[in-house]
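Below is one structure, written out as structure tokens; the observations come after it.
Keep in mind that what you see is a predicted model, and the values were worked out from it rather than measured. Numbering of ligands and ligand atoms starts at 1, following listing order. Just so you know, residue 1 is the first one in the sequence shown, and it goes up from there.
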Amino acid sequence: MADCNAFKMAQTQLDEAAEILGLDEAVHEFLRWPQKEYSARIPLRMDDGSTKVFQAFRVEHSLARGPAKGGLRWHPNETIDTVRALASWMTWKCAAVDIPLGGGKGGIVCDPKQLTESEKERLARGYIRAFADIFGVTKDVPAPDVYTTPQIMAWMMDEFETINREHAPGVITGKPIPLGGSQGRGDSTARGGIFVAREAGKAFGVELKGKTLAIQGFGNVGRYCGILAEEILGMKIIAVADEHGGIINKNGISMQALAEHTDRTGSVIKMEGTEPIENSDLLELEVTMLAPCALENVITKDNADNIKAEMVLELANGPTSPEADEILFAKGIPVIPDFLANAGGVTVSYFEQVQNSYNFYWTIEEVQARLEEKMVTAFDAIFKIADERKIKMRTAAYLGSVMRVAEACKLRGWVS
Ligand code: NAD
């Protein structure tokens, strides 16, 4: 799947922005690497009485604009470089939507599908015991990511509070609502992306209403992307894929029915009224919008030339390699970059922290209205830079974010 390492990809993207900005060499070097990195080995007592040891990471890419913020991914292919890349994208994402947080990410190399619920709970608690010193509302605040859930966040919050002997719900976001989670967090990443897609459609002259969408990934992000694209944009979803395979129906697939089918069977495949399609073929379909909502590096130099979508909405992190980015730009296909398109999740995570600090909670309407305002403002600012300089949306987003983070580093006196 990969034609380059995700962290090298993140560094290459920054290098391009640094060159355009004429960024000071020391600032550039500082931002190319995470500020702090932690690793731990977590022994886990399995239900059968044996013990297995898991590798865990936490990376704080930047603390210049506020406490580190970023999800925890449990995945068998997790590496320190994936975590570094994701942590740096969090820095740029928080700056893009102008929230006062830095960038972080964490992970455990494991296959959650092979773990029982009680093993998952002990692993979640073990992770917090390993990193309890670095987490805290004013230090570093984790959240869910691939294969981690609100329940896992609840166990982690409880472990943190038990260690610290205090109530501290803001230490982690994406919690269940009865434990201080925010209304609207569940679909916030996709909802933010759909608001941005609506604005991008207007700005780039791509009509979305009644038009077609293909989605790769049908987890938290992909599923709500489909449901909200139907509801808010009036789009027709013709193809969806997950790790088990893909499905297609050129007349459209009901997202509600597909969500029910997936809940029942564990996959989108074999959905009634659809034909199978290869995951790789889905990416190359002739559709109005393509939404990668799974993992990084799926649009590469090998398939970019075959992409026929009129617009790409990157809801996954890092789905497009730098070489593919150039090819799509040359073909005139607008790519709405990940750290703008999927910033809705961290925006509502930030709202969750704010509500936890106030100990006063907003209605879902308030959350969604504030999210819409943040996303539209961020899109407008980035589109303006891209339009004026005739550069990719991703580069424009980097320019805005890097300037904000570099300014914070300078004001702190870290760099001159
Ligand atoms: P998830 O675990 O809920 O779902 C992942 C989905 O991707 C599943 O449907 C899985 O089957 C599918 N998938 C995995 N490997 C695949 C493959 N090789 N081909 C096709 N599909 C595959 O994860 P999620 O929370 O929906 O996150 C998806 C992406 O969005 C990730 O890149 C994540 O970093 C990013 N993201 C998530 C959030 C969030 O709030 N959840 C926020 C920002 C960014």
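Contacts between Asn317 and ligand 1 below 4.0 angstrom, taking non-hydrogen atoms only, involve backbone and side chain alike. Of all the heavy atoms of Pro319, none lies under 4.0 Å from any atom of ligand 1, so neither backbone nor side chain is involved. Of all the heavy atoms of Glu314, none lies under 4.0 Å from any atom of ligand 1, so neither backbone nor side chain is involved. Of the heavy atoms in His244, none comes closer than 4.0 Å to ligand 1. At a 4.0 Å heavy-atom cut-off, ligand 1 does not touch Glu296 at all.
Residue Pro144 places no heavy atom under 4.0 Å from ligand 1. At least one heavy atom of Arg73 sits less than 4.0 Å from an atom of ligand 1.
Nearest to atom 15 (N) of ligand 1 by heavy atom, out of Thr262, Asn77, Leu295, is Leu295. In this comparison of Thr173, Ile215, Val221, the heavy atom closest to atom 26 (O) of ligand 1 sits on Val221. Nearest to atom 6 (C) of ligand 1 by heavy atom, out of Gly219, Gly222, Gly71, is Gly219.
Applying the ring-ring contact (aromatic ring centres under 6.0 Å, His included) test to pairs two or more places apart or on separate chains, none has a residue in residues 206-265. Each ring-ring contact (aromatic ring centres under 6.0 Å, His included) pair with one or both residues in residues 93-132, not counting sequence neighbours, appears once here: Tyr127-Phe131.
Contact atoms of ligand 1 toward Lys93: 43 (C) (distance under 4.0 Å to a heavy atom of the residue). Within ligand 1, counting atoms from 1 as listed, the ones closer than 4.0 Å to a heavy atom of Leu315 are 30 (O), 35 (C), 44 (C). Listed by atom number, the atoms of ligand 1 under 4.0 Å from Asn279 heavy atoms are 19 (N), 20 (C). In summary, the atoms of ligand 1 found under 4.0 Å from a heavy atom of Asp145, numbered by their order in the structure, are 33 (C), 34 (O). Taking a cut-off of under 4.0 Å to the non-hydrogen atoms of Val146, the atoms of ligand 1 that pass are 2 (O), 23 (O), 27 (O), 31 (C), 33 (C).
For Lys270, the NZ atom counts as loosely surrounded, since its 6.0 Å shell holds 12 or fewer non-hydrogen atoms of other residues, nucleotides or ligands.
Screening Glu366, Gln353, Gln355, Glu352 for a side chain to side chain donor-acceptor pair (under 3.5 Å) involving Ser182 leaves a single residue, Gln355.
No side-chain N or O of Lys120 forms a donor-acceptor pair with one of Thr149 less than 3.5 Å apart. Counting only N and O atoms by type, the side chains of Thr79 and Asp81 include no donor and acceptor under 3.5 Å apart. With no hydrogens or angles considered, a side-chain donor-acceptor pair links Tyr361 and Asn356 at under 3.5 Å.
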After noting the C-alpha distance and the side-chain angles of Ser267 and Asp242, does the key distance pass the side-chain hydrogen bond (donor to acceptor under 3.5 Å, both in side chains) rule?
CA-CA 7 Å; Ser267 171; Asp242 65 17; 3.0 Å; yes
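When only interatomic distances are considered, the shortest N/O to N/O separation between Lys105 and ligand 1 does not fall below 3.5 Å. For the pair Ala241 and ligand 1, the shortest N or O to N or O distance does not fall below 3.5 Å.
Residues Phe329 and Met393 form no side-chain contact, since every pair of their non-hydrogen atoms from C-beta on lies 4.5 Å or further apart.
For Arg84 and Phe7, the positive end sits near the middle of the six-membered ring, less than 6.0 Å away and at most 45° from its axis.
Between the CD1 atom in Ile99 and the NZ atom in Lys374 there is a gap of 7.0 Å [rounded to 0.5 Å].
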